[in-house]
Amino acid sequence: MLKTDTILIPIPALFSFQECLWFLNRNYDDCLHEIRQDSIYKALEVKGEMVLIKVTENGAFLELDVLEGDIDADGKEYLVAYVKDWFDMDNAIQPFYDLLKTDGRLAYMTDRYKGLRLIGISNLFEAICWSIIGQQINLSFAYKVKRALVERFGKSITRDGVSYYVFPEAAILAEVSKEDLKAIQFSSQKADYMIGIAKAFASGALSKEMIIDLPDFESRKKALTAHKGIGIWTANYALMKCLREPQGIPFGDIGLLNALANHNIIQDRKEIEKINALFAQYAGWESYLVFYLWRSLTVREPA
DNA sequence: CCCCAGGACGTCT
DNA sequence: AGACGTCATGGG
């Protein structure tokens with residue numbers, strides 16, 4: 001099928017496609033998108049149909065091309081909303097920069113990482129599963145496990161001999177066996193956690209809409225941590241990446257702690273009061289601060 | 001063998 | 001509430 005659909009999305013102030021690309025391409029092997037020549041290729045499922053999109057920069061616009069899959073006007077609208085949410089394009093982040101500029105230790109970020117946006121995970125089930133996979137293991141291994149899971153249980157669409165995957169549906173993962181997951185290097189505990197979460201989503205006991213409808217951050221966090229396998233770190237990570245809760249601070253995150261130590265904001269990992277004092281200065285932009293601190297971490301070279 | 005990695009959970013005080 | 005031990009798995 002030939003490419004026919006091109007959509008242009010205006011780029012807002014303080015937005016850098018190159019910085020967003022850096023995050024998506026930071027030497028980790030993420031199976032849910034591919035980057036070639038400054039373009040992002042990603043599979044999505046739109047109204048039950050697999051679609052392959054390409055996102056690239058085109059002057060003052062992001063260019064969104066539908067490479068595979070038939071979509072109607074509603075589908076286009078969905079894709080535009082998806083990309084805007086993915087790159088947090090509707091968020092005016094100048095107030096965050098104003099805060100950074102008053103912070104001697106972090107002011108440099110407004111230049112060095114200018115235009116970096118908090119890259120999201122719009123699927124709550126995926127966001128939770130990904131954070132469960134990432135619990136207490138190094139990121140390289142976490143991406144390896146995710147790839148095995150996605151390539152085994154996720155739908156895909158192929159173009160030019162390359163397959164692009166979407167994250168598996170909850171209904172599928174709800175039915176897999178613990179042994180299936182252990183075979184792709186899940187720990188026995190994480191296998192139980194993820195099957196349990198998948199069953200909750202598959203049955204409707206848990207959903208993004210339900211969490212959004214809760215009145216405030218604390219009740220959302222409680223609703224998530226009520227499930228086995230979702231602790232403070234996982235709940236806050238999911239709320240930060242999916243629901244874009246500013247208060248979604250993944251407390252205890254080793255990367256966050258390392259970044260704070262690198263900036264001499266803390267000396268050791270137990271200085272909770274210093275961490276709280278820092279985030280108090282960034283009220284409303286806590287999750288952005290976390291993301292920028294992650295950005296500051298040097299990334300290992302690929303093996 | 002050791003320690004570490006984008007933690008969670010139980011069980012003690 | 002908060003500290004501590006335990007659980008799993010792969011990488012260095």
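Only heavy atoms go into these numbers, but all of them, side chains included; no hydrogens, no water, no symmetry mates. Below, read A as the first sequence line, B as the second, and so on, with proteins coming before strands; counting in each chain starts at 1. Small disclaimer: the values here were computed from a predicted structure and weren't measured.
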Quiz item: Roughly, in whole Å, what's the span from CG in A:Asn138 to P in B:dC3?
Solution: 18 Å
Quiz item: Counting side-chain heavy atoms from C-beta on, which of B:dA5, B:dA8, C:dA8 comes nearest to A:Ser187?
Solution: C:dA8
Practice problem: Considering just the side-chain nitrogens and oxygens of A:Arg269, establish if one lies under 4.0 Å of OP1 or OP2 belonging to B:dA5. | Solution: yes
Quiz item: Between A:Lys144 and A:Asp29, is there a side-chain N and carboxylate O pair less than 4.0 Å apart?
Solution: no
Quiz item: Below 4.0 angstrom from OP1 or OP2 of B:dG7, is there any side-chain N or O of A:Ser131?
Solution: no
Quiz prompt | Residue A:Ile137, side-chain heavy atoms: nucleotide from C:dT9, B:dC9, B:dG7 that is nearest | solution = C:dT9
Practice problem: Could you tell me the separation between the NZ atom of A:Lys190 and the P atom of B:dA5, rounded to a whole number of Å? | Solution: 14 Å
Quiz item: To the nearest angstrom, how far is A:Ile184 atom CD1 from C:dT9 atom P?
Solution: 13 Å
Practice problem: Compare side-chain N and O positions of A:Lys178 against OP1 and OP2 of C:dA8 and report whether any pair is under 4.0 Å apart. | Solution: no
Practice problem: Answer yes or no: is there a donor N or O on one side and an acceptor on the other, between the side chain of A:Arg220 and the main chain of A:Leu214, under 3.5 Å? | Solution: yes
Quiz item: Rounded to whole angstroms, how far apart are NZ on A:Lys228 and C1' on B:dG7?
Solution: 14 Å
Practice problem: Taking the six-membered ring of A:Tyr164 (Phe, Tyr or Trp), confirm whether the NZ or CZ of A:Arg159 is under 6.0 Å from its centre and within 45° of its axis. | Solution: no
Exercise. Measure centre to centre between the rings of A:His263 and A:Tyr108, then say whether the value is under 6.0 Å.
Key: yes
Quiz item: How do A:Phe23 and A:His227 order along DNA chain B: which one's closest nucleotide is nearer the 5' end?
Solution: A:Phe23
Quiz prompt | A:Leu181 CG - C:dA8 P separation (whole Å) | solution = 15 Å
Quiz item: Does the side chain of A:Lys270 get closer than 4.0 angstrom to OP1 or OP2 of C:dA3 through an N or O atom?
Solution: no
Quiz item: Hey, do the aromatic rings of A:Trp285 and A:Tyr282 have their centres closer than 6.0 Å?
Solution: no
Quiz item: Are A:Lys241 and A:Trp130 in a cation-pi setup, meaning NZ or CZ lies under 6.0 angstrom from the ring centre and within 45 degrees of the ring axis?
Solution: no
Exercise. Would you kindly compare A:Gln136 and A:Lys144 by the position of their nearest DNA chain C nucleotide and give the one closer to the 5′ end?
Key: A:Gln136
Exercise. Could you check how far CD1 of A:Ile197 sits from C1' of B:dA8, rounded to whole Å?
Key: 12 Å
Practice problem: Could you please name the option among C:dT9, C:dG11, B:dA8 that lies closest to any side-chain atom of A:Lys182? | Solution: C:dT9
Quiz item: Relative to the 5' end of DNA chain B, which residue comes earlier, A:Gln135 or A:Asn258, by the nucleotide with the nearest heavy atom?
Solution: A:Asn258
Quiz item: How many Å lie between CH2 on A:Trp233 and P on B:dC9, as a whole number?
Solution: 13 Å
Exercise. Whole angstrom is fine here: how far is it from CZ in A:Phe186 over to P in B:dG7?
Key: 16 Å
Quiz item: For A:Ile232, which contact category applies under a 4.0 Å heavy-atom criterion: base, sugar-phosphate, or nothing?
Solution: sugar-phosphate
Quiz item: So what does A:Leu256 hit on the nucleic acid, given a heavy-atom distance under 4.0 Å: a base, only sugar-phosphate, or nothing?
Solution: nothing
Quiz prompt | Span that lies between the P atom of B:dT11 and that of C:dA8, in whole angstrom | solution = 14 Å
Practice problem: State whether A:Gln189 places a side-chain N or O below 4.0 Å from either non-bridging phosphate oxygen (OP1 or OP2) of C:dC7. | Solution: no
